[in-house]
Amino acid sequence: MSDRPASDPETTVSSSQEDFDYQHVPAQALDAVRMRLAQLTHSLAKLKDEMSKAELPQWYSLQVQVSVILTQMQSLTTTLHHFEELLDSTVVYPLGTFPTTAHEGLLTTLLRKKNIPEAESWILDAKETAGVDLNTASPEEVKKCLKSDEDVTKWALDFLKQEHSNYAFRGLHTSKKMAEDPSLGAADEYQPSIGRSIPKQPFDVDSILKVIHQGAN
Amino acid sequence: MVLQLCLTSAIDDDSYELCTSTLCNLSGNPPVLFSNFTAMFKPNSSFDIEQTNSKNQLIEQNRLKLCRGVPLDALENDSEKRDYRMLKKFADDDLKGFDLQILQKMLHGSIDVDDMEVDEEKPSEQSWILSISDIPAAGSNRKVSSQAIIESTILSTGGSSPSVIAFLSELGYTLDYQLLTVGVKFNMKHNVYLELSKIWRVEGGEAQQLTKGGFLVKAFVNVAKSTDIKSINHGTNALLHLQKELSGYIDLTIPDRKSMDSRLENLNDI
């Protein structure tokens, strides 16, 4: 969060202060982060918008959106990690010419280092849900926690694969029967009869209606 | 005045049984067997009717539709139990075992001229329905066909010659053609009716099937008042919902409005 306010004084003040040396402002790093954040907020806003509609979108469209968001988050964390050192060592301060009294509200917002109360409560909520107290837990404990989470995921995936292989999803026989007699599943015995039961139009409806209403043949 | 909203389609004979059981399951009601006899009347041309009125406006001459239900027991006198399956045997022109003379008796009071004046066996215990229909409303962005129908019931014809045909000839109308409709009706959700019917054109003792090889499918909603926009929208939505539900199986479409026009065509002559 500390990187975001830094991008703004640069643009706000530049018009009034021409002789300031901007060469030390990490513009490239900030711009890279800004772009990724913009993408992410856009995607999140779109998802939120669709979820609040009366008619929910199809599950596959939701899945695609979520996977896009995950990719964007991944990209953001990579970028942040890449510029970590530079951004951490950057100190943000207002220039002397900044109209401090007139724009006090703006200034305090831009220079705020703490999260806004809303974000604070989200973080707290997430921490509570995770069940790990980061203040008291040692790095080992956190690592252990992450590892157990990965283990559960792995187990679930393995279980799913195993269960899937236990059943025959095609044909007319159970996988138990097929294991006893391998010749059973070889040919596709089931032929669905589609199309045959759809009625044909044996005559033109309009011409029948014409005879009914006008008697003309 | 009734406003009838409708969509039509057709199915072939072979799909009738599956179709009725599908619709039966869909509606939750068993099919209702019905049979109607329709006689269409046109203005008597020998009266030389003026085609414009005093203000020089065009007068549209329209056919009158006279209709009544015919009990199938009367047409086919075999006291057998009937259900929707009986329609399967009518693939051809031939109406097996049907006594078509009954229809003439109903219209003329009697087929035998000598019997004409005998009043003891009145065939008019059941009343006739007289209706006149407008051409369905025009417009390219319509989703369903909507036709205004004015209807009245003839309870008694009375007079010196009590037949309904004589009654209408006194009004200046002559018999144009006759139709016999036998079909099944389903009461669907939201007051939508769905009819599968076979229609014959009756001439003398002969019948010619119009719907050879299949059934006419008609889904309709009747709205009592043409000014009741709320009910019209409701009915339209109900029909569209049914259309969506049946799409891919029975594709209900809007019939051509010109084919549902029962006006006389001789107006082109002026």
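In what follows, every chain begins at residue 1, and chains take the letters A, B, ... in the order their sequences are listed.
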Do the side chains of [Y] and [X] get nearer than 4.5 Å, heavy atoms only?
X	Y	answer
B:D256	A:L209	no
B:M40	A:Q214	no
A:V211	B:R201	yes
A:F203	B:L216	yes

Heavy-atom contacts under 4.5 Å, residues 238-246 of chain B to chain A: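 Under the 4.5 Å heavy-atom cut-off, nothing qualifies.
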CD/B:E203: more than 12 non-hydrogen atoms of other groups inside 6.0 Å: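 For B:E203, atom CD is not crowded (no more than 12 foreign heavy atoms under 6.0 Å).
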Answer yes or no: are there more than 12 heavy-atom neighbours, outside B:K218 itself, under 6.0 Å from its atom NZ?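 Correct, the count exceeds 12.
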When heavy-atom pairs shorter than 4.5 Å are enumerated against chain A, which of B:C19, B:G248, B:S9 gives the highest number?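 It is B:S9.
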Nearest 0.5 angstrom please: [X] [atom1] to [Y] [atom2], how far?
X	Y	atom1	atom2	result
B:K65	A:H213	NZ	NE2	6.0 Å
A:Q201	B:D251	CD	CG	7.5 Å
B:S259	A:I212	OG	CD1	9.0 Å

Pairs of donor and acceptor atoms involving the side chains of residues 148-166 of chain A, under 3.5 Å and at least two apart or interchain, shall be tabulated with distances.
from, atom 1, to, atom 2, distance (Å)
A:S148, OG, A:C145, O, 2.9
A:T153, OG1, A:D149, O, 2.8
A:S165, OG, A:Q162, O, 2.7

Counting only non-hydrogen atoms closer than 4.5 Å, does [X] touch chain A with its backbone (N, CA, C, O), its side chain (CB onward), both, or neither?
X	result
B:K212	backbone
B:I11	both
B:S15	side chain
B:F215	backbone

Taking salt bridge (Lys or Arg N to Asp or Glu O under 4.0 Å) as the definition, give me every residue that meets it alongside A:E50, ordered by chain and number, with sequence neighbours left out.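 For A:E50 there are no salt bridge (Lys or Arg N to Asp or Glu O under 4.0 Å) partners, ignoring immediate neighbours.
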With sequence neighbours excluded, residues passing side-chain contact (heavy atoms from CB on, under 4.5 Å) with A:E85: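 Checked A:E85 against side-chain contact (heavy atoms from CB on, under 4.5 Å); zero matches.
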